[in-house]
Protein chains: 2
Amino acid sequence: MSDLSPPLLDAETAGTEVGHAHQDELRLWLRLLTCTNMIEGQIRSRLRADFDVTLPRFDLMAQLYRAADGMMMSEVSKRMMVSSGNVTLIVEHLLASGDVERQTSAHDRRAQLIRLTEAGRVHFREMASAHEAWIAGMFDGLTQKDIANLMKLLAKAKASLQADLSQHGSSADTPVVKKPSSRRSR
Amino acid sequence: MSDLSPPLLDAETAGTEVGHAHQDELRLWLRLLTCTNMIEGQIRSRLRADFDVTLPRFDLMAQLYRAADGMMMSEVSKRMMVSSGNVTLIVEHLLASGDVERQTSAHDRRAQLIRLTEAGRVHFREMASAHEAWIAGMFDGLTQKDIANLMKLLAKAKASLQADLSQHGSSADTPVVKKPSSRRSR
DNA sequence: AAAAACTACTTTAATCTTAAAATAGTTTGG
DNA sequence: CCAAACTATTTTAAGATTAAAGTAGTTTTT
């Protein structure tokens with residue numbers, strides 16, 4: 001076991017004020033972060049506990065599940081927004097577990113087509129179904145109206161973020177979302 | 001440069017329906033994730049670009065900033081909810097950059113007290129100030145009322161999550177938040 | 001005061017991620 | 001057709017994170 005046994009303390013207990021101008025925005029960000037981390041952490045550990053699978057592998061399987069004819073490595077890399085080197089590694093694990101199969105493209109001998117095996121499809125459906133139930137359970141305390149409101153406000157926030165992002169750095173091919181791996185889907 | 005140049009595609013464009021029962025919750029989760037990832041990615045890359053500092057180091061400095069008298073390694077570990085092994089490594093980098101100093105506790109020769117150097121305090125203040133401005137900019141498209149509503153709904157979501165969490169796994173010392181490193185603060 | 005339990009920290013190993021360099025195959029301009 | 005440029009992927013190296021094991025010092029129990 002690790003020596004890590006954190007208290008229920010969460011981000012918002014913190015808050016080092018250096019300036020006071022934009023406290024609310026800061027607090028909002030921290031709360032957003034807390035919620036996301038709680039959910040992501042749960043999904044991650046339940047996937048591991050119940051299915052012995054990592055989140056990146058689940059995400060990749062989700063991508064393939066929707067593409068019955070399979071996908072090129074590069075396509076997967078683009079969709080998951082992770083490097084191709086990373087895709088290579090994840091695919092290797094999934095090949096080993098028999099969830100994925102790989103074949104060289106007929107047209108382009110550089111390109112590799114990967115797709116879920118039949119076992120992989122079955123396996124993914126089980127996981128996806130559990131995953132959906134977990135999330136429903138986590139949001140059980142919200143009404144449908146709460147959920148709708150949250151969706152609306154987060155859409156607005158996202159628009160605001162995109163507006164801000166487009167002003168900054170993104171000069172050319174800068175990865176705009178940056179560390180967006182854990183994309184889940186489903 | 002990396003070979004990664006992701007399109008503006010984001011999580012919500014995805015969505016592999018395996019069941020249809022709890023679509024809304026799933027979509028809410030994906031949107032939450034997208035927003036968090038966008039913000040976190042921006043903070044991460046701006047910290048690196050503008051101050052040549054990683055997020056964990058910034059987080060650790062934030063913890064120390066609030067503790068004028070310094071803190072034990074274990075205390076930092078608990079607060080950041082990362083393993084002590086991880087803290088050791090991060091502190092080593094901050095020692096090298098001169099932002100942090102370390103001394104053995106007088107009472108307990110196993111324990112190490114770490115604290116920001118004067119240079120570290122100055123350095124942190126600059127970063128924290130920029131950080132606050134970045135976040136304010138990102139939420140610029142929201143009204144104060146939007147922010148207040150979001151805070152309220154997210155508080156409710158958090159409560160729902162905590163209720164769900166307490167039912168699950170957390171039998172004993174299971175890290176309840178699980179992958180809670182990036183805690184930011186300020 | 002010695003054994004057992006506990007606490008603080010470090011070390012090691014495994015996984016994941018990114019970046020950069022290397023390799024292999026394809027397309028294009030002259 | 002051939003060299004140069006481009007594209008797709010793999011490989012390699014470095015950093016971060018987690019878990020687990022190890023080390024050292026302290027407290028508690030008998």
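Values in this document were obtained by computation on a predicted structure and should not be read as measured data. To find a chain, count down the sequence lines: A is the first, B the second, and so on, and within it residues start at 1.
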Mind checking side chain to side chain contact (heavy atoms under 4.5 Å, CB included) for [X] and listing every partner two or more places apart, or none if nothing turns up?
| X | answer |
| --- | --- |
| Asp50(A) | Trp134(A) |
| Arg57(B) | Val53(B), Thr54(B), Ile90(B), His93(B), Leu94(B) |
| Ala111(B) | Met72(B), Ser105(B), Asp108(B) |

Roughly, in whole Å, what's the span from [atom1] in [X] to [atom2] in [N]?
| X | N | atom1 | atom2 | value |
| --- | --- | --- | --- | --- |
| Leu60(A) | dT17(C) | CG | C1' | 15 Å |
| Leu94(A) | dT15(C) | CG | C1' | 14 Å |
| Glu92(A) | dA14(C) | CD | P | 17 Å |
| Met73(B) | dG25(D) | CE | C1' | 16 Å |
| Met81(A) | dT18(C) | CE | P | 12 Å |
| Glu75(A) | dA8(D) | CD | P | 11 Å |
| Glu40(B) | dT17(D) | CD | C1' | 13 Å |

In Å and rounded to the nearest 0.5 Å, what is the [atom1] to [atom2] distance from [X] to [Y]?
| X | Y | atom1 | atom2 | answer |
| --- | --- | --- | --- | --- |
| Leu116(B) | Phe124(B) | CG | CZ | 8.0 Å |
| Arg27(B) | Met151(A) | CZ | CE | 6.0 Å |
| Met38(A) | Asp164(B) | CE | CG | 9.0 Å |
| Asp69(B) | Met71(B) | CG | CE | 10.5 Å |

Notebook entry, point to check: To the side chain of Met72(B), which of dT10(D), dC9(C), dT11(D) is closest?
Noted result: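 From the listed options, dC9(C) comes nearest.
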
Looking at dT11(D), I'd like to know if its phosphate oxygens (OP1 or OP2) sit under 4.0 Å from a side-chain N or O belonging to Thr88(A).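 It does not, given that no N or O in the side chain of Thr88(A) lies less than 4.0 Å from OP1 or OP2 of dT11(D).
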
Under 4.0 Å from any atom of DNA chain D, heavy atoms only: list the residues of residues 103-115 of chain A that qualify, in numerical order.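 Listed by number, they are Arg110(A), Ala111(A), Gln112(A).
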
query: Do Phe58(A) and His131(A) have ring centres separated by under 6.0 Å?
result: yes

ask   = Any sub-3.5 Å donor-acceptor pair from Thr36(A)'s side-chain atoms to Leu33(B)'s backbone N or O?
value =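 No: the side chain of Thr36(A) does not pair with the backbone of Leu33(B).
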
Checking Leu150(B), Ile147(B), Leu142(B) against Leu153(A) for side-chain contact (heavy atoms from CB on, under 4.5 Å), the one that qualifies is Leu150(B)

Shorter than 3.5 Å, N or O on both sides, protein versus nucleotides 12-16 of chain D: list them out with atom names.
| from | atom 1 | to | atom 2 | distance (Å) |
| --- | --- | --- | --- | --- |
| dA16(D) | OP1 | Arg57(B) | NH2 | 2.9 |
| dA16(D) | OP2 | His93(B) | NE2 | 3.0 |

To the nearest 10 degrees, the angle between the two end axes of the helix from dA1(C)-dT30(D) to dG30(C)-dC1(D) (five pairs per end) comes to 0°

Note to self: Show the nearest heavy-atom pair for residues Ser77(A) and Ser84(A), with the distance to one decimal.
What the structure shows: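 In this case the closest contact between Ser77(A) and Ser84(A) is OG-N, 3.6 Å.
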
